[in-house]
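Here's the structure we're looking at; comments come further down.
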Amino acid sequence: MAATSSTVERRSIEFVPASERHGGVTQQFTLWFGATLQITAVVDGALAVVFGAHALWAIIGLLLGNLFGGAVMALHSAQGPKLGLPQMISSRAQFGVIGAALPLVLVVLMYLGFASTGTVLSGQAINRILHVDAPWVGIVIFGLITFVVAAVGYRWIHGLGRIATVLGMLGFAWITIRIFTAYDGAHLLADATFGAVPFLLAIALGAGWQLTFGPYVADYSRYLPADTPARRTFTATFAGSVLGSMWAMTIGALLASIPHSSFLDNQVGFVGELADGGLIALVIYLVIVSGKLTINTLNAYGGAMTMLTTVTGFSKRSVVRPALRLVFVFTFLALSVVIALAASADFLDNFKNFVLLLMVFTPWSAINLVDFYLVSRERVDIPALYDPEGRYGAFDVPALVTYVIGILVQIPFLAQSMYTGPLTRMLGGADVSWIVGLVVPGAIFLVWGRATRRPPERTILPEGADDGAATAGAGVDPGADGGTAHDAEEVRR
């Protein structure tokens with residue numbers, strides 16, 4: 001197997017053969033439910049109210065955004081069992097083996113941002129558990145714990161997701177009860193007034209939260225048997241992520257609506273006080289740490305895999321030793337801890353500016369999904385993903401140009417304190433950049449990709465890959481010499 005509960009995961013950027021496939025779709029639900037039912041999602045939901053929405057309309061807007069963004073994210077997850085590859089390795093089929101580095105570098109920067117903001121909040125919870133005031137103590141401890149889980153890899157990550165699901169359900173159930181009993185939660189939802197601009201911002205917050213998982217979601221479904229129905233993988237991932245996120249965001253919208261509350265100044269501390277102090281508050285702090293540990297481990301593991309994808313595109317390596325993966329995980333987490341230490345003094349303002357900056361994710365998602373499902377129709381030459389001189393080449397000009405266009409067309413629609421686009425001003429401040437960033441590059445690449453791409457007739461597996469579940473279903477070539485040579489000859493012609 002790729003890993004046991006006590007050993008470091010052996011696989012990294014390479015294809016997972018059938019003999020190492022295991023598990024079921026239930027673990028996708030628990031992983032994403034546990035990873036999204038956490039304190040940063042609470043803050044994300046609170047921002048909808050901070051930006052001006054009434055709690056009720058904020059919750060409705062967040063739900064719409066989560067449903068749409070969650071569907072896009074889950075479509076990426078469904079690629080995992082089919083390809084047996086990390087998400088960003090498979091993106092070489094769109095951007096080229098080296099060209100994929102452009103979106104990859106930007107993705108790494110975004111995950112560093114999410115990892116560091118999560119580390120700030122988790123550090124606060126750890127400090128309260130230990131009764132320590134120095135912010136760096138909790139931040140460093142949380143970084144070290146994250147490294148241990150991310151270093152061991154896939155199995156521990158899924159195990160942590162199951163633990164976080166149970167703890168999160170218990171902890172957030174208590175918080176929900178306290179909101180409705182101590183602060184009259186029903187009253188917070190009453191007398192709702194509608195505002196179009198904050199409503200659209202709430203949708204953007206919900207959609208953006210889900211879309212940011214796209215570049216690494218398949219990393220955690222790639223060990224599932226290849227004959228796992230895509231519909232089941234999609235449904236389990238979608239349900240876990242949307243349900244967990246919406247519960248947390250609903251809590252956030254309600255907390256931000258409490259008159260004269262200190263939540264916006266001290267998120268973790270206020271939640272502890274809401275728990276009624278004492279032993280229950282200690283349990284709630286543990287719930288906060290477990291939920292943040294789950295998502296931060298995903299950020300660290302996915303961030304490291306993205307960094308490895310970038311580096312190996314230039315080095316032409318198709319296999320990476322576990323020790324090198326550990327180096328990249330440690331480097332990623334060390335950087336996130338340094339950023340967290342710098343950002344901890346003004347967390348909410350830094351997070352507000354960061355969370356709506358989705359422009360690097362949405363065009364990537366649009367290009368990846370359009371190519372996989374509509375242009376290549378799920379047919380991928382897996383060995384060519386590691387060869388700059390193969391089918392996909394070093395650079396794919398249509399995909400790279402479309403990606404840049406996808407970023408540029410969003411700029412006039414951005415709505416941030418750092419920059420507000422001219423078209424956003426015409427819309428009264430509503431941020432619809434994420435919609436533009438999906439629709440425009442998706443439409444462009446659908447036409448351009450169909451005109452220029454030549455996918456294989458069937459999916460081609462690495463030479464020597466074991467048969468069975470990995471080749472289940474029609475349209476899969478186990479990588480015999482003749483098939484690969486035939487396809488290479490097609491490219492030359």
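Counting from 1, the numbers follow the sequence of the chain as shown.
A tilted orientation is assigned to the rings of Y111 and F114, their planes being inclined by 30° to 60°. Between F213 and W32, the angle of the ring planes lies from 30° to 60°, which puts this pair in the tilted group. The aromatic rings of F147 and F330 sit perpendicular, their planes meeting at an angle over 60°, well past the 30° parallel limit.
Within the structure, salt bridge (Lys or Arg N to Asp or Glu O under 4.0 Å) pairs that include any residue of residues 205-224 comprise E9-R222 (at least two apart or interchain). Sorted by first then second residue, the ring-ring contact (aromatic ring centres under 6.0 Å, His included) pairs that include residues 63-83, not counting sequence neighbours, are F68-W434, H76-W364.
Taking each heavy atom of T452 and P398 in turn, the nearest pair found is OG1-CG, 3.8 Å. In terms of heavy-atom proximity, R454 sits nearest to R391 at O-NH1, 3.0 Å. The heavy-atom pair separating L167 from V287 by the smallest distance is O-CG2, 3.5 Å. The minimum heavy-atom distance linking L104 with A100 is given by the pair CG-O, 2.8 Å. For the pair M88 and T309, the tightest heavy-atom approach, listed with the atom from each and the gap, is O-CG2, 3.5 Å. Closest approach of V49 to A58, counting heavy atoms only: CG2-CB, 4.1 Å.
At least one side-chain heavy atom of Y223 sits under 4.5 Å from a side-chain heavy atom of H22. Using a 4.5 Å heavy-atom threshold, the side chains of T36 and I295 count as separate.
Within a 6.0 Å sphere centred on CZ of R232, other residues, nucleotides and ligands contribute 12 heavy atoms or fewer.
For the residue pair T294 / R162, no side-chain donor-acceptor distance below 3.5 Å is found, with atom types taken as modelled. With hydrogens and angles left out, the side-chain atoms of D387 and Y392 include no donor and acceptor closer than 3.5 Å. A side-chain donor from one of S376 and D371 sits under 3.5 Å from a side-chain acceptor of the other.
Judged by distance alone, the side chain of T212 and the main-chain N or O of W209 form a donor-acceptor pair under 3.5 Å.
In this structure, R21 forms a cation-pi arrangement with F15, its terminal cationic atom sitting closer than 6.0 Å to the ring centre and no more than 45° off the ring axis.
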